[in-house]
Amino acid sequence: MTKRVLYRVIWVPSVMVLAGLIVFFAQQPTALPTPAPPTTFTTSDKTITVSHPGNWQPLEGSMHAVKTKVKFEPTKNVRVVIETDLAGSLIGDISKASSNMLSNLPGIGQQLAAKQKTPLETVHELQAKELKESYEGFQDGATTKAKVAGLEALVTDFTFQERGVWGRREMAGKRVSALASERRLSIVCHYSKDAQEQMAPVIAQMLSSLQVRPTGG
């Protein structure tokens, strides 16, 4: 056997094994670091206050007192976004006004009003439409009612696929909608399905600690 043939015998299988390992590790979710003891963060406009793992760096954004957002992204597969905005609340107000107008009509108007979505259901449905544009293969799961930041809220589990270099990864998440006096509260959390059990108590703790105030409150 010549040296060239010998090199090929050794080199080709080695390259195939290496390529297989690269694909395997690229498909694995990034390990979530153990959450550090919680600390509290408040946005600069005092709108959002939340307790979060101490090793999660908050990233704040705002838009002329119209929208306030804080994002946590401890790994590339984990994201928690808490946002309040005036536009979403306005949609809820329009839905409420429409329902009130129908309820004032005798007979069929009252029946239609009873079937119409509540303002909270309307903004929660809007949130789903927004996520469908961002998340490939977005699918809603069960929706439950809850109290978040002292507000009546709707909470829905969802799934989607995250596209990577070597294929798609199955992802899971939780989305929350609520209406404060002048703002919509929107919370979207996502993570790999493998991290769902680990993330559940972290998300629950963050939601239980959340406070939402009027701008400058």
Side-chain angles (χ1 to χ4, degrees), residues 22-35 48 50 52-53 55-61 63 67-85 87-89 91-92 117-146 148-149 151-179 183-210 212:
I22 291 173
V23 172
F24 174 78
F25 286 112
Q27 290 176 332
Q28 303 308 303
T30 303
L32 180 67
T34 301
I48 299 171
V50 63
H52 63 90
N55 52 346
W56 289 22
Q57 179 68 31
L59 300 173
E60 179 184 353
M63 184 185 298
K67 178 186 293 186
T68 301
K69 177 170 71 174
V70 57
K71 179 173 72 172
F72 301 91
E73 202 163 15
T75 75
K76 67 177 183 179
N77 303 126
V78 175
R79 181 185 299 163
V80 178
V81 179
I82 303 169
E83 183 177 302
T84 65
D85 67 75
S89 180
I91 292 171
K117 291 182 174 65
T118 66
L120 179 55
E121 289 171 337
T122 299
V123 297
H124 198 56
E125 187 175 87
L126 173 64
Q127 184 190 59
K129 291 179 180 178
E130 292 170 345
L131 294 179
K132 284 180 181 179
E133 296 177 0
S134 303
Y135 290 159
E136 185 174 349
F138 175 88
Q139 291 290 334
D140 260 340
T143 297
T144 58
K145 295 181 179 180
V148 177
L151 304 168
E152 297 292 338
L154 293 177
V155 182
T156 302
D157 295 318
F158 65 89
T159 58
F160 68 102
Q161 290 85 46
E162 184 176 73
R163 189 185 295 272
V165 177
W166 305 104
R168 293 180 175 85
R169 178 179 292 118
E170 293 298 319
M171 304 289 288
K174 188 179 294 289
R175 63 185 187 91
V176 181
S177 297
L179 285 171
R183 289 189 168 219
R184 171 182 66 163
L185 170 64
S186 175
I187 306 167
V188 178
C189 320
H190 79 232
Y191 30 80
S192 67
K193 274 194 172 182
D194 294 338
Q196 193 166 5
E197 185 175 344
Q198 184 181 1
M199 285 294 300
V202 179
I203 299 302
Q205 187 275 330
M206 293 180 72
L207 292 180
S208 67
S209 73
L210 185 63
V212 178

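A quick note: this is a predicted structure, and the numbers were derived from the prediction, not measured.
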Treating Glu152 as the side-chain partner and Lys145 as the backbone partner, does any N or O pair qualify as donor plus acceptor under 3.5 Å?
no
Are any of the side-chain heavy atoms of Glu83 and Lys71 separated by less than 4.5 Å?
no
Side chain to side chain contact (heavy atoms under 4.5 Å, CB included) between Glu130 and Val188: does it pass, once the steps are laid out?
CA-CA 11 Å; Glu130 292 170 345; Val188 178; over 6 Å; no
Parallel, tilted or perpendicular: which fits the ring planes of Phe72 and His52, with parallel below 30° and perpendicular above 60°?
tilted
Rounded to the nearest 0.5 Å, how far apart are OG1 of Thr118 and CG of Leu154?
6.5 Å
Among Thr68, Thr84, Val50, Ile82, which one satisfies side-chain contact (heavy atoms from CB on, under 4.5 Å) with Val212?
Thr84
To the nearest 0.5 Å, how far apart are CD in Glu136 and CD in Glu162?
10.0 Å
Please identify which of these residues, Met171, Lys193, Glu170, meets the side-chain contact (heavy atoms from CB on, under 4.5 Å) condition with Thr159.
Lys193
Heavy-atom side-chain proximity of Tyr191 to Lys174 below 4.5 angstrom:
yes
Considering all heavy atoms, the nearest Val80-Cys189 contact:
CG1-SG, 4.0 Å
When rounded to the nearest 0.5 angstrom, what is the spacing between OG in Ser192 and CE in Met199?
9.5 Å
Side-chain contact test, heavy atoms from C-beta onward, threshold under 4.5 Å: evaluate it for Thr156 versus Gln127 and give yes or no.
no
Determine the minimum heavy-atom distance between Val70 and Pro58, stating which atoms define it.
CG2-CB, 3.9 Å
Geometric class of the Tyr135/His190 ring pair [parallel <30°, tilted 30-60°, perpendicular >60°]
perpendicular
How many angstroms lie between atom CZ of Phe138 and atom CD of Gln161, to the nearest 0.5 angstrom?
11.5 Å
Of all the heavy-atom pairs spanning Leu151 and Leu179, show the shortest one and how long it is.
CD2-O, 3.9 Å
Could you go through Leu185 and Leu210, starting from their C-alpha distance and side-chain angles, then the distance that decides it, and tell me whether this counts as side chain to side chain contact (heavy atoms under 4.5 Å, CB included)?
CA-CA 11 Å; Leu185 170 64; Leu210 185 63; 3.9 Å; yes
The reported gap from CG in Asp157 to OG1 in Thr144 (rounded to nearest 0.5 angstrom) is 7.0 Å
Applying the side-chain hydrogen bond (donor to acceptor under 3.5 Å, both in side chains) test to Ser177, which of Arg184, His124, Glu121 qualifies?
His124
Determine the sole option in Lys132, Arg175, Lys117 for which the salt bridge (Lys or Arg N to Asp or Glu O under 4.0 Å) test with Glu125 is passed.
Lys117
Dump the intermediate steps for side chain to side chain contact (heavy atoms under 4.5 Å, CB included) on Leu131 and Phe160, then the final yes or no.
CA-CA 10 Å; Leu131 294 179; Phe160 68 102; over 6 Å; no
